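Here is the structure we will look at, set down as structure tokens.
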Amino acid sequence: MNINKKELPANEMLTARSDFVTVQSKGKKWVSNGLILQMRKNDLGIIRTGYTVSKKVDKSAVMRNRIKRRLRSVMAEVLPNATNGYDYILVGRKLTLTRPYNDLINDFKWCLKKTELYKK
RNA sequence: CGAAGGAAUCGGAUGACCGCUGCAUAUUUAUAUGGAGAGGAAAGUCUGGGCUUCACGGAAAGACGACGCUGAAUAACGUUCAGGAAGGGUUUUUUGCCCUUACGGCUAGUGCUGCAGAAAAUUAAACUACCUCUAUUGCCCUCGUGGCAUAAGAGGAAAAGGUGAGAAGGUGCGGUAAGAGCGCACCGCGAAUUUGGCAACAAAUUUGGCAUGGUAAACCCCGUCGGAAGCAAGACCAAAUAGGGGCUGCAUUUAUAUAUGCUUGUCAUAUAUGAAAGAUGCUUUCCGCAUCGCAGCUCGGGUAGGUCGCUUGAGAUAUUUGGUAACAAAUAUCCUAGAUGAAUGGUCAUCCCUUGAUUUUAUCAAGGACAGAACCCAGCUUAUAGAUUUCUUCGACAU
RNA sequence: GGCGCGGUGGCAGAGAGGCUAUGCAGCGGAUUGCAACUCCGUGUACACCGGUUCAACUCCGGUCCGUGCCU
């Protein structure tokens with residue numbers, strides 16, 4: 001987890017509700033055991049990231065926050081391998097909470113490979 | 001010592017490394033350094049306020065809603081404290097102790113009270129049963145104005161039975177044809193007076209003679225309080241696009257004047273001035289409906305987005321004083337999260353606690369309750385592993 | 001974050017202090033040569049926990065779940 005910020009490509013957070021909706025409706029989606037990846041090409045040439053954990057996953061706010069923190073950590077580790085110029089949204093599932101951390105990373109890489117956006 | 005219940009406090013500790021979000025300082029303006037970073041419930045959004053906007057000349061009443069023993073505390077409350085009353089637990093009983101209570105009024109009015117039961121609410125009703133009188137019939141004998149039983153009728157009474165949540169005070173004695181607060185004693189209830197208490201209320205005395213079944217978490221009456229909505233409140237700055245107002249120019253229709261052209265006209269084009277009378281579409285007419293342009297400048301509203309609101313406050317800690325207490329006052333010290341797709345985390349080490357295993361008093365393994373700020377306070381309610389303190393009750397053992 | 005509404009059989013849906021209607025679906029029977037339609041019968045419910053009341057699905061308080069609006 002020792003990721004230096006400088007090595008990451010320039011990226012931003014997705015904040016607006018409308019961005020999430022467009023990615024959901026017009027982008028691609030790939031489901032794995034630990035998480036769900038939604039992505040869509042943007043015209044900005046940078047990577048934008050977002051995270052979704054709904055109340056359906058867990059009623060407790062503590063658990064939802066924990067899932068979000070794990071997703072953030074996974075994103076920080078795998079992001080150098082992702083293609084530029086796309087929006088990525090990670091959706092948490094129930095298994096995200098209990099699945100071993102390395103498996104989560106592999107899940108994300110697998111999703112990227114399946115959507116043909118993985119790069120060495 | 002153990003168990004149950006009530007109340008209160010705490011809610012793993014220390015260090016290192018790597019991250020995340022504000023703040024301060026420095027400069028290279030995105031980096032470094034420093035320091036800070038969830039709770040007792042941050043939760044539910046159930047009450048009461050601050051604050052903001054809207055409404056409103058002021059006040060009161062009505063309507064609607066909430067609350068309701070008394071006194072105090074508080075900015076306020078449906079909260080808290082102290083007291084009273086009622087109910088429950090414990091105790092052989094009383095006292096005592098502990099727990100609980102939406103605890104004004106059904107003797108202001110109106111309603112409701114199923115089924116069952118004879119009868120369900122002002123002097124109610126009469127199924128069984130009771131008594132008296134009239135009187136039929138039968139039996140008995142001492143043969144009478146007799147006794148016993150009894151169909152029917154008239155009346156008395158509300159004691160007993162059964163129904164029901166509830167049957168119009170309860171128990172006992174007297175009384176009576178049988179009975180009845182009809183009378184008396186005790187108890188319950190109502191009224192008045194006196195005493196104690198700020199009061200709720202309590203006690204005593206006198207008196208009434210039972211009138212007042214229950215239900216107001218039924219309508220309602222009485223008293224008190226309340227304008228409404230909420231930080232996604234609201235204030236400010238302010239793109240793009242669309243639309244609105246104003247100004248200028250062009251365009252459209254028409255009238256007049258002038259000039260030019262040749263086809264010499266009720267012609268065409270251009271310019272100037274005035275008017276907007278109008279034009280187009282819906283096949284035509286009347287009626288009706290719809291639309292009225294283009295470019296530039298400018299004005300204000302306002303969306304996205306941003307900034308503020310935002311954390312110094314009914315503030316925290318300590319001490320003293322007043323008060324039974326809730327709480328209040330004084331003095332000193334301190335500043336202690338402020339995010340916005342939303343930070344507050346992860347790993348390791350040592351210790352603490354729990355569980356399990358090995359076997360033995362140490363090792364190994366797994367784990368650490370409920371739960372995450374979103375404008376801020378005061379409460380209430382709900383969730384909570386474990387630890388500690390304290391009160392009450394019960395049980396066991398010892399003295 | 002704030003403000004509201006609701007929870008009744010397998011499904012829909014009334015009721016409202018005194019045994020919870022009705023329709024569809026299910027099951028059994030009648031009718032029919034066999035079915036459909038029709039007729040008859042039948043089983044299964046008031047989200048949960050307390051309180052008020054003689055009596056609560058209904059009234060009151062709390063919990064859980066579902067759902068709408070404010071951007």
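Within every chain, numbering begins at 1; the chains are lettered A, B, ... in the order of the sequence lines, protein sequences first and strands thereafter. These numbers were taken from a predicted model, which means no experiment stands behind them.
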message: Output the rounded distance in Å from CG (A:D87) to P (B:rG341).
response: 16 Å
Spacing between A:E77 atom CD and B:rG346 atom P, to the nearest angstrom: 16 Å
- prompt: Quantified in whole Å, what is the C1' atom distance between nucleotide B:rG300 and nucleotide B:rG243?
  reply: 13 Å
Nearest listed nucleotide, side chain of A:R69, among B:rU344, B:rA342, B:rA373: B:rU344
query: How long is the span from the CG atom in A:L71 to the OG1 atom in A:T52, to the nearest 0.5 Å?
result: 9.5 Å
query: Distance check: side-chain N/O of A:T52 vs OP1/OP2 of B:rG341, anything under 4.0 Å?
result: no
message: Quick check: do A:V91 and A:K29 have side-chain heavy atoms less than 4.5 Å from each other?
response: no
task: Calculate the interatomic distance between A:Q38 atom CD and B:rG341 atom C1'; express it in whole Å.
output: 14 Å
task: Quick one: look up who B:rC17 pairs with, Watson-Crick or G-U, both distances under 3.5 Å, and put none if it's unpaired.
output: B:rG346
- request: Under a 3.5 Å limit for both distances, which nucleotide forms a Watson-Crick or G-U wobble pair with B:rG301, could you say?
  value: none
- prompt: Starting at the 5' end of RNA chain B, which residue's closest nucleotide do you reach first, A:R72 or A:M63?
  reply: A:R72
statement: Of A:K68 and A:S60, the one whose nearest nucleotide on RNA chain B sits closer to the 5' end is A:K68
Anti/syn call for B:rG40, syn if |chi| within 90°: syn
- line: Under a 3.5 Å limit on both distances, the Watson-Crick or wobble mate of B:rU137 is B:rA149
field: Pairwise C1' distance, B:rC391 and B:rG368 [rounded to whole Å]
entry: 31 Å
field: Hphob cluster co-occupancy, A:V57 + A:M63, side-chain heavy atoms under 4.5 angstrom
entry: yes
- prompt: Has A:R66 got a side-chain N or O lying under 4.0 Å from the OP1 or OP2 atom of B:rG346?
  reply: yes
- prompt: Can you tell me how far CZ of A:R93 sits from CD1 of A:I67, rounded to the nearest 0.5 angstrom?
  reply: 11.5 Å
Stems involving RNA chain C, each a run of at least 3 consecutive Watson-Crick or G-U pairs under 3.5 Å: C:1-7 with C:64-70, C:10-12 with C:22-24, C:26-30 with C:38-42, C:47-51 with C:59-63
task: Identify whether A:Y51 and A:L95 are in the same connected component of the hydrophobic contact network (ILVMFWY, side-chain heavy atoms under 4.5 Å).
output: no
field: Nearest-Å distance for atom pair CG/C1', residues A:L71 and B:rC20
entry: 16 Å
Interatomic distance at C1', B:rA120 relative to B:rA124, whole Å: 9 Å
Who pairs with B:rU9 - Watson-Crick or G-U, where each distance is under 3.5 Å: B:rA387
- request: Assign B:rU311 to syn or anti; the rule is syn for a glycosidic angle within 90° of 0 and anti otherwise.
  value: syn
Exam field: side chain A:R66 to backbone A:L97, donor-acceptor pair closer than 3.5 Å: no
Inter-nucleotide C1' distance (B:rA242, B:rG261), Å rounded: 50 Å
field: A:Y88 side chain reached by A:V23 side chain, heavy atoms, under 4.5 Å
entry: no
Inter-nucleotide C1' distance (C:rC19, C:rA45), Å rounded: 15 Å
- prompt: Across all strands shown, which nucleotide pairs with B:rA229 by Watson-Crick or G-U wobble geometry, both distances under 3.5 Å?
  reply: B:rU52
Spacing of A:Y51 atom OH relative to B:rU340 atom C1', expressed in whole Å: 17 Å
task: Identify the nucleotide, in any strand shown, that forms a Watson-Crick or G-U wobble pair with B:rU258, with both distances under 3.5 Å; if there is none, say none.
output: B:rA270
query: Paired with B:rA125 by Watson-Crick or G-U wobble geometry, both distances under 3.5 Å: which nucleotide is it?
result: none
query: Is the glycosidic torsion of B:rG58 within 90° of 0, making it syn, or is it anti?
result: anti
With a cut-off of 3.5 Å and sequence neighbours excluded, list every side-chain donor-acceptor pair involving residues 34-41 of chain A.
none

- prompt: Which whole number of Å gives the distance between the C1' atom of B:rG223 and that of B:rA216?
  reply: 16 Å
query: Same cluster for A:I47 and A:I105 if Ile/Leu/Val/Met/Phe/Trp/Tyr side chains link at under 4.5 Å?
result: yes
Identity of whatever pairs with B:rU291 - Watson-Crick or G-U, under 3.5 angstrom: B:rA279
- prompt: In whole Å, what separates the P atom of B:rU241 from that of B:rA257?
  reply: 50 Å
query: How long is the line joining CG of A:L97 and C1' of B:rA371, in whole Å?
result: 14 Å
task: Syn or anti for B:rU33, please, going by whether the chi angle lies within 90° of 0.
output: anti
query: A:N102 CG to B:rG346 C1': how many Å, rounded?
result: 14 Å
- prompt: Considering only the P atoms, how many Å lie between B:rC380 and B:rA86, rounded to the nearest integer?
  reply: 29 Å
message: Can you identify which nucleotide, out of B:rA38, B:rA371, B:rA342, has its nearest atom closest to the A:N65 side chain?
response: B:rA38
Chi-based syn or anti call at B:rA304, which uses purine or pyrimidine torsion atoms and a 90° bound: anti
message: Run the side-chain hydrogen bond (donor to acceptor under 3.5 Å, both in side chains) test against A:R64 and tell me which residues pass, sequence neighbours left out.
response: none
